[in-house]
2 protein chains.
Amino acid sequence: MAARTADSEATRAAILDAARAQFGQQGFDRTTIRSVATAVGVDPALVMHYFGTKNGLFEAAARLEIRFPDLSATAPGEVADVLVPLFVHLWRPDGPLLPLLRAAASNRAAADVLLGVFTHHVTPGLAPLAADRPEERIALIGAHLLGIAVARSIVGIAPLVDMPDDALVAWLRPVIAHYLTD
Amino acid sequence: MAARTADSEATRAAILDAARAQFGQQGFDRTTIRSVATAVGVDPALVMHYFGTKNGLFEAAARLEIRFPDLSATAPGEVADVLVPLFVHLWRPDGPLLPLLRAAASNRAAADVLLGVFTHHVTPGLAPLAADRPEERIALIGAHLLGIAVARSIVGIAPLVDMPDDALVAWLRPVIAHYLTD
DNA sequence: GACCCTGTTCAACAGGTGTTGACGACGCCT
DNA sequence: AGGCGTCGTCAACACCTGTTGAACAGGGTC
């Protein structure tokens, strides 16, 4: 049965949590195997043992499965009500997107993962709602959302940091609708 | 007179150019004193001699004086025509903003410089044009422009990378006007 | 009691980093 | 010709990094 949960799984998860936090706050290069290990209280070699390599640790920490909602029945004016909470959730300090965003700044592979999220999830999800030249329209929406993430989580532009999510939704609602349908 | 321009100034400028290019393409951590030195064809110690420290080199490479234009006589619908070319120019691969943006991803000090650009230049420049709650309005505009920079230069979202600047202006014109005046 | 298996630590490696101080060429001024 | 300031290099340092392989504790099984 292997029912007896060895501590293995727990410490593995603890390492993953610490890694996600550090990758999310300091980026890839400034996060070291040693810093993650001491944060958890284990030996650096144990981190290697579980994840093989630093890149392996990063991939495990940044792995994300996004379930993009079905928006085909949503009115353009209400897309923001669905999209914004979803992305705000993914961008939490302990979420999987922030490590990826920080790493993408100096790592093409991480940027490609981010690009893949946009290409394979955001674009197909929004395409049915967009008028002519949908790629451009959706790219502009994606850029705007990305910009809000950077402004909030990385640069720290005060009015956006302090803005409640529903206020953000209210601001974005007409803009996203405009981008979708002109 | 010291009129005889020693080569000093030239190599100093060459180092600065190489540093800006590397900081802009690879970020702070992945850019090393040695890589900059070999790109210029000099000894690493010379880089130290001119800029004292790696942070000194970065500050010199990322120093920027922005002359934000006077927009007080500009109609909201035309703000994009001024703002977008200005920012596109600052974001060129060899411009001073991209190193800052990449470094900001893992360096609070760099993020603060970026925040200062927004606080001391963008906000005062746009405030006369904004309706009520101008901070939020301007923050949203800044976030959008920032997002387009990230989408173009870091993530590489194809439709935005390929989009000519005047098309970008055309897309942003009504959105910026909307953010300014509701 | 001997054995193994899992979870973990120890000690060390090879390489790359920022930084330093002493040293060498080269051209100008007197 | 000799000295000197400028422009630059050499060699080394101390440190930190990812990574490795051997060793250790402890508990369940024969």
Side-chain angles (χ1 to χ4, degrees), chain A residues 1-23 25-62 99 102-103 105-110, chain B residues 1-23 25-62 99 102-103 105-110:
Chain A
M1 283 300 293
R4 273 286 45 77
T5 301
D7 255 356
S8 156
E9 195 98 359
T11 63
R12 198 191 135 98
I15 291 173
L16 215 49
D17 280 354
R20 222 174 335 243
Q22 294 197 16
F23 281 133
Q25 282 164 10
Q26 323 171 18
F28 183 84
D29 294 296
R30 290 180 132 81
T31 298
T32 87
I33 295 281
R34 281 171 170 83
S35 69
V36 171
T38 64
V40 184
V42 299
D43 193 274
L46 192 63
V47 178
M48 302 299 295
H49 178 248
Y50 278 131
F51 299 95
T53 179
K54 188 186 178 184
N55 282 296
L57 175 62
F58 180 81
E59 284 174 23
R102 290 208 137 99
S106 54
N107 186 331
R108 194 72 274 254
Chain B
M1 284 302 293
R4 275 283 46 77
T5 300
D7 255 354
S8 157
E9 195 98 358
T11 63
R12 197 190 136 99
I15 291 172
L16 216 46
D17 280 354
R20 218 168 348 235
Q22 295 198 17
F23 281 134
Q25 283 164 11
Q26 323 171 17
F28 183 85
D29 294 297
R30 289 179 135 80
T31 298
T32 88
I33 295 282
R34 282 170 170 83
S35 70
V36 172
T38 64
V40 183
V42 299
D43 193 275
L46 192 63
V47 178
M48 302 299 296
H49 178 247
Y50 279 131
F51 299 97
T53 178
K54 188 185 178 183
N55 281 296
L57 176 62
F58 180 80
E59 284 174 22
R102 289 209 138 97
S106 54
N107 186 332
R108 193 74 273 257

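Reckoned from all heavy atoms, side chains included, excluding hydrogens, waters and symmetry mates. Each chain gets a letter, A, B and so on, in the order its sequence line appears, and its residues count up from 1.
- Using a 4.0 Å heavy-atom cutoff across all strands shown, A/F51 reaches no nucleic acid atom at all.
- Comparing D/dC7, C/dT8, D/dC10 by their closest approach to the side chain of A/T11 singles out C/dT8.
- Of the two residues near DNA chain D, A/G52 and B/P44, the one whose nearest nucleotide lies more 5' is B/P44.
- Nearest to the side chain of A/M48, among D/dG8, C/dT8, D/dT20, sits D/dT20.
- Regarding A/I15, its CD1 atom lies at a distance of 13 Å from the C1' atom of C/dT9, rounded to whole Å.
- Side-chain contact between A/R12 and A/F51 is present, with heavy atoms from C-beta onward closer than 4.5 Å.
- Across all strands shown, A/H49 has heavy atoms under 4.0 Å from base atoms, whether or not it also approaches the sugar-phosphate.
- Closest to the side chain of A/T53, from the set D/dT19, C/dG18, D/dG8, is D/dT19.
- The side chain of B/I33 approaches C/dT19 more closely than any other nucleotide in the set D/dG18, C/dT8, C/dT19.
- Atom CG in B/D7 sits about 14 Å away from atom C1' in C/dA25, given to the nearest Å.
- Spacing between atom CZ of B/R30 and atom C1' of D/dC16 amounts to 16 Å, rounded to whole angstrom units.
- The phosphate of C/dG7 (OP1 or OP2) has no side-chain N or O of A/Y50 nearer than 4.0 angstrom.
- Nucleotide C/dA11 holds its C1' atom 10 Å from the CG atom of A/D43, rounded to whole Å.
- The nucleotide whose nearest atom lies closest to any side-chain atom of A/S8 is, among C/dT17, D/dG8, C/dG7, C/dG7.
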Problem - side-chain contact (heavy atoms from CB on, under 4.5 Å) evaluation trace for A/I15 with A/L57 - result: CA-CA 9 Å; A/I15 291 173; A/L57 175 62; 4.1 Å; yes
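- For the pair B/K54 NZ and C/dT19 C1', the interatomic distance rounds to 13 Å; values are reported in whole Å.
- Note: B/F23 and B/F58 have perpendicular aromatic rings, judged against thresholds of 30 and 60 degrees for the angle between ring planes.
- The A/T32 side chain lies nearest to D/dG18 when the options are C/dT8, D/dG18, D/dT9.
- Side-chain proximity of A/A45 to C/dT8, C/dT9, D/dT9: nearest is C/dT9.
- With hydrogens and angles ignored, a donor-acceptor pair closer than 3.5 Å exists between the side chain of B/R34 and the base of C/dG18.
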